[in-house]
Amino acid sequence: MRRSRYLLPTLRETPKEAEIVSHRLMLRAGMVRQSAAGIYVWLPLGYRVMNKIAQIVREEQDRAGSQEFLMPTIQPAELWKRSGRYDGYGPEMLRIQDRQERDLLYGPTNEEVITDLFASSVRSYRDLPKLLYHIQWKFRDELRPRFGVMRGREFLMKDNYSFDVSAEAARHSYNKMFVSYLRTFARLGLRAIPMEADTGPIGGDMSHEFIILARTGESQVWCDRRFLDVDVLSLAVNYDNADEVAALVRRFTKDYARTDEKHDAAKFAADVPEDRRYEGRGIEVGHIFHFGTKYSEPLNARVRLADGGDVAVHMGSYGIGVSRLVGAIIEASHDDRGIIWPEAVAPFAVGLLNLKVGDSACDALAERAYAELARAKLDTLYDDRDERAGTKFSDLDLTGLPWRMVVSPRGVARGLVELRRRDSEDAQELSLDEAIEKVRASVADAANVAEAGA
RNA sequence: CGGGGCGUAGCGCAGUCUGGCAGCGCGUCUGCUUUGGGAGCAGAAGGUCAUCGGUUCAAAUCCGGUCGCCCCGACCA
């Protein structure tokens, strides 16, 4: 993409509404614009990142045996009246009426719709288990939206729903999602720690929040530092082997990790040696939950059993805040110059700068670099604007692309470009071929890591 | 929903107290010079001062209503 043609309105100054760093940087880097309180326009750069995140989420959901489909944003109130939540959900739910004065709502979540779908389309225990997910916009009319896309009213969420014939089978589904979440966040360049969460009326140990550690997080968290040392992507997992998946879950639940909701200072002190105690802030990026027959009973989602009887299916739901992750990744990965994208979610792999537009040698080399980067299938944002070097450097640092390739009079006579990583101070002068190969290898490594263990 | 604050050019702000030509910086456009970390000079464009009403010879400024946005708290993917 040529920068001169791209809609990328970077700002030198921060709009005054932005308080936390991810919000400031997303506005300054031209990723989002606020449309109303907690509602955002996603500009091309921000939308690319969100789509990259969604794609990784999608791949890991599929890998764990889930199927993607799509439910509507607008739901009939009638379903919610049947589940008993229509009155219970409160003013957070946006209620609307159509021209016939039928009661509708903009979905804050989708248990009702999918349970109803399941009830009308699945009849037999032989069809179970099922894991179904979609990535869809939600609306929750929060009292006070804040922190940019981290707590918007409208947000993009992946929600998965599992259906099993028994509580024991449901645990396998839960465990699959648990492991797939570990892999998903690791691939996004995040270290997400599963923490015990409130389970509601069901009880038991079947609810976890996935929290990433970040200074600006909203929750106070306590955990064992051993969580920080595990290389999740190197762990092999066969999702069909219930024992193997359960063993992995045990490995990630045996050490202490709790938010302020469940923190027990005495237990923390007793269980975790002093040198392994971590206390800090965290951001919730995922939540998994088993809720048994809470919706299948009222919405009549039952299956026939082998012995001729029938049973309400056991369900769980599993959420990842996709749009929130865009902000969360920035909270975890930035410096005073701007965003530092992990390679896996970067909107472009390379920022190509021509520092002397109008100089025929520089123009020629930059154009050749742009063409060859495209041939190597490396997403490139080519800054071909007739701007000063400082402007281009600052803009590129702000937008956080992982690799910077500079064409300038310094190296052009020898056919050299300068290559530098966003997270490093070291630059190298290389031939164009060498530079492209280096970036290509780095991107390929990231992809290989993603495949490891799967 | 309780408390506090703010709406003036694309962004950041001054002007409001004490009514009297709507301003500054950045950005944008044109020209010249410059060219490795947000350049210099010269010129230009850009405004329903959130909105509705009131007071006044005169309102960004005073008074009242409404809308929007932000922050703190309680609440939440």
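Chain letters run A, B, ... following the sequence lines, proteins first and then strands; every chain starts at 1.
Between A/Phe210 and A/Phe178, the distance separating the two ring centers is shorter than 6.0 angstrom.
The side chain of A/Gln34 approaches B/rC70 more closely than any other nucleotide in the set B/rG38, B/rC70, B/rG36. Across B/rA77, B/rG38, B/rC11, the shortest atom-to-atom separation from the side chain of A/Glu284 is found for B/rA77.
Base-pair partner of B/rC17: not found among the strands shown (Watson-Crick or G-U wobble, both distances under 3.5 Å). Across all strands shown, B/rA59 has no partner, as no Watson-Crick or G-U wobble contact with both distances under 3.5 Å is found. Pair assignment for B/rG68: B/rC6, on the basis of Watson-Crick or G-U wobble contacts that are both within less than 3.5 Å. Base-pair partner of B/rC1: B/rG73 (Watson-Crick or G-U wobble, both distances under 3.5 Å). Pair assignment for B/rC11 gives B/rG25, based on Watson-Crick or G-U wobble hydrogen-bonding distances that are each under 3.5 Å. With a cut-off of 3.5 Å on both pairing distances, B/rG46 has no Watson-Crick or G-U wobble partner at all. Pair assignment for B/rA39: B/rU33, on the basis of Watson-Crick or G-U wobble contacts that are both within less than 3.5 Å.
In this structure, A/Lys392 places its NZ atom 13 Å from P of B/rA39, rounding to the nearest Å. Taking atom OH on A/Tyr89 and atom P on B/rA77, their separation rounds to 8 Å, with Å as the unit. Distance CG (A/Leu416) to P (B/rG36): 18 Å, rounded to an integer number of Å. The separation between A/Leu11 atom CG and B/rG27 atom P is 12 Å, rounded to whole Å. When rounded to the nearest whole Å, the span between CZ of A/Arg420 and P of B/rG37 equals 12 Å. Between the CD1 atom of A/Ile283 and the C1' atom of B/rC76 there is a distance of 15 Å, rounded to whole Å. Atom-to-atom, CZ of A/Arg28 to P of B/rG38 comes out at 14 Å; the value is rounded to the nearest Å. Put simply, NE2 on A/His134 is 16 Å from P on B/rA77, counting in whole angstrom units.
Atom C1' of B/rA74 sits at a distance of 15 Å from the matching atom of B/rG4, rounded to the whole Å. On the C1' atoms, B/rU61 is 6 Å away from B/rG19, given to the nearest whole Å. Rounded to a whole angstrom, the distance from the P atom of B/rC17 to that of B/rA59 is 14 Å.
With no hydrogens or angles considered, no side-chain donor-acceptor pair links A/Glu60 and A/Ser180 at under 3.5 Å. Residues A/Glu68 and A/Ser66 have side chains that never bring a donor and an acceptor to within less than 3.5 angstrom of each other. Side chains of A/Tyr370 and A/Arg2: a donor-acceptor N/O pair is absent below 3.5 angstrom, by distance only.
If A/Arg12 and A/Met150 are placed on RNA chain B by their nearest nucleotide, the residue sitting closer to the 5' end is A/Arg12.
Remark: A/Arg388 is not in phosphate contact with B/rU35, judged by side-chain N or O atoms under 4.0 Å from OP1 or OP2.
Counting atom types as modelled, A/Glu13 pairs no side-chain N or O with a base atom of B/rG27 as donor and acceptor under 3.5 Å. Judged by distance alone, with hydrogens and angles left aside, A/Glu418 brings a side-chain donor or acceptor within reach of the base of B/rG36, the pair sitting under 3.5 Å.
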Would you check, one step at a time, whether the test ring pair (Phe, Tyr, Trp, His ring centres under 6.0 Å) holds for A/Tyr256 with A/Trp222? CA-CA 8 Å; A/Tyr256 191 96; A/Trp222 293 261; 8.2 Å; no

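A/Lys16 comes within contact range of the sugar-phosphate backbone alone, with a heavy-atom separation under 4.0 Å but no base atom that close. Within the nucleic acid shown, A/Arg404 comes within 4.0 Å of at least one base atom, counting heavy atoms only. No engagement by A/Asp159 is indicated, since no non-hydrogen atom pair under 4.0 Å with the nucleic acid exists. Contact annotation for A/Gly390: backbone-only contact, meaning every heavy-atom pair under 4.0 Å involves sugar-phosphate atoms and none involves a base. At a threshold of 4.0 angstrom between heavy atoms, the contacts of A/Ser323 with the nucleic acid are absent.
A/Leu27 and A/Leu11 make their closest contact through O-CD1, 3.8 Å (heavy atoms, listed as atom of the first residue, atom of the second, distance).
Counting heavy atoms from C-beta on, the side chains of A/Val49 and A/Ile329 never come closer than 4.5 Å.
Every residue two or more places apart in sequence or in another chain that forms a side-chain hydrogen bond (donor to acceptor under 3.5 Å, both in side chains) with A/His287 is listed here: A/Ser207, A/Glu284. In this view, A/Asp224 and A/Arg226, A/Phe227, A/Asp255, A/Val272, A/Arg276 satisfy the side chain to side chain contact (heavy atoms under 4.5 Å, CB included) rule, not counting sequence neighbours.
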Could you list, one pair per line, each protein nitrogen or oxygen that sits under 3.5 Å from a nitrogen or oxygen of nucleotides 71-75 of chain B, together with the distance?
unit_1, atom_1, unit_2, atom_2, d
B/rC72, OP2, A/Arg144, NH1, 3.0
B/rC72, OP2, A/Arg144, NH2, 2.7
B/rC75, N4, A/Arg146, NH2, 2.7

